[in-house]
Amino acid sequence: MTDTREQPLPQTAATVKAQKSENADFFQFMIKLALFVIILRSFIFAPFNIPSESMLSRLMIGDYLIVAKWPYGYSKYSLPFSVPLIPGRILASEPERGDVIVFKAPPGNNVDYIKRVIGLPGDLIQMRAGQIILNGKPIPRNRIADFIEHLTVNSACAKPDVAKFRETASDGTVRCRYPRYRETLPSGRSYDVLDLDTSWADDTSVYAVPQGHLFAMGDNRDRSADSRFPAVEGQGIGIVPQENLVGRALFTVFSTDGSSSWIKPWTWFSAARWERIGEGF
């Protein structure tokens, strides 16, 4: 009997060539896409997420930011994995007091930190009773309404050492209430800070900021390992070399209270803190 089943057509040279061309085009596209992402990530924008409460009330655990890479120039820390392809710092520009910066922290220079610039080269910084003294003059600090945060997985007061800031609202929900102040720099730029406790870091000696360095602090003054503390891993960052700058915080692109689950997509929406999205600096 004659086999009437359809037989596969033999591949012609033209067909093989077309397939190879298609594979090569796809490979080239992937290389171009990877290069585009690397360039974008290294020189224009980068994502950053907030893992701690050190910048409350402006930044909360679970916030995701866009960081601009161009404002302060570029160094090896601008590149993924700090690849040493850029000598020193090029197209350098100095931050302004009040800028919220992302940088690599000493001594390991392998961890990203986010803090607010308080002191520039040549400045003298001191803390007295929790107030910043900048070049011998106190920075005005006025008490304003408390910062209130609903208790969630990502709340700072979910931790035992700050549980004293929890309270029960009239509707029965638990929330966190923190004392908040408004600081105003000599330039007129102002921002909110938290002052939770009295500690030795509220009264310090005078710090002199050397050339090419910055004095950076967290807005949550009693929960921030910043320039008031020596550059010891896990304890402080010391005075930050400008060469370690990564970029300047631009705006919040997403925020989650920590209650979502990857295997439950509907919780991605219920956990989002929509009111925080789009907030700038």
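- Looking at Tyr207 and Gln126, their side chains never bring a donor and an acceptor atom within 3.5 Å of each other.
- The number of heavy-atom neighbours closer than 6.0 Å to CH2 of Trp200, taken from other residues, nucleotides and ligands shown, is above 12.
- One finds a salt bridge joining Arg177 and Asp146 here, because a Lys/Arg side-chain nitrogen approaches an Asp/Glu carboxylate oxygen to under 4.0 Å.
- Looking at Glu149 and Arg175, no side-chain N of the basic residue comes within less than 4.0 Å of a carboxylate O on the acidic one, giving no salt bridge.
- No side-chain N or O of Ser255 forms a donor-acceptor pair with one of Thr252 less than 3.5 Å apart.
- Residues meeting the ring-ring contact (aromatic ring centres under 6.0 Å, His included) test with Phe45, sequence neighbours left out: Trp70.
- With respect to Asp226 and Lys115, no salt bridge is recorded, no charged nitrogen being found less than 4.0 Å from a carboxylate O.
- Contact check on Asp197 versus Lys164 returns a salt bridge, with a Lys/Arg side-chain nitrogen under 4.0 Å from an Asp/Glu carboxylate oxygen.
- Applying the salt bridge (charged side-chain N to carboxylate O under 4.0 Å, His left out) test to every pair with at least one member in residues 47-74, sequence neighbours left out, gives these pairs: Glu53-Lys159, Arg58-Glu279, Asp63-Arg273, Asp63-Arg276.
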>> Please evaluate residues Arg180 and Asp195 with respect to the criterion salt bridge (charged side-chain N to carboxylate O under 4.0 Å, His left out), reporting the C-alpha separation (whole Å), side-chain torsions for both, the decisive distance (0.1 Å), and the verdict.
In response: CA-CA 6 Å; Arg180 181 166 53 172; Asp195 191 352; over 6 Å; no
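- Contact record, Pro210 with Ile239: CD-CG2, 3.9 Å, taken as the closest heavy-atom pair.
- Between Ser224 and Phe229, the closest side-chain pair of non-hydrogen atoms is not below 4.5 Å.
- Remark: Arg128 does not engage Asp202 in a salt bridge, criterion side-chain N to carboxylate O under 4.0 Å.
- Taking a cutoff of 4.0 Å between a charged side-chain nitrogen and a carboxylate oxygen, Arg189 and Asp99 qualify as a salt bridge.
- Using bins of under 30°, 30° to 60° and over 60° for the plane-to-plane angle, the ring pair Tyr178/Phe147 lands in the parallel bin.
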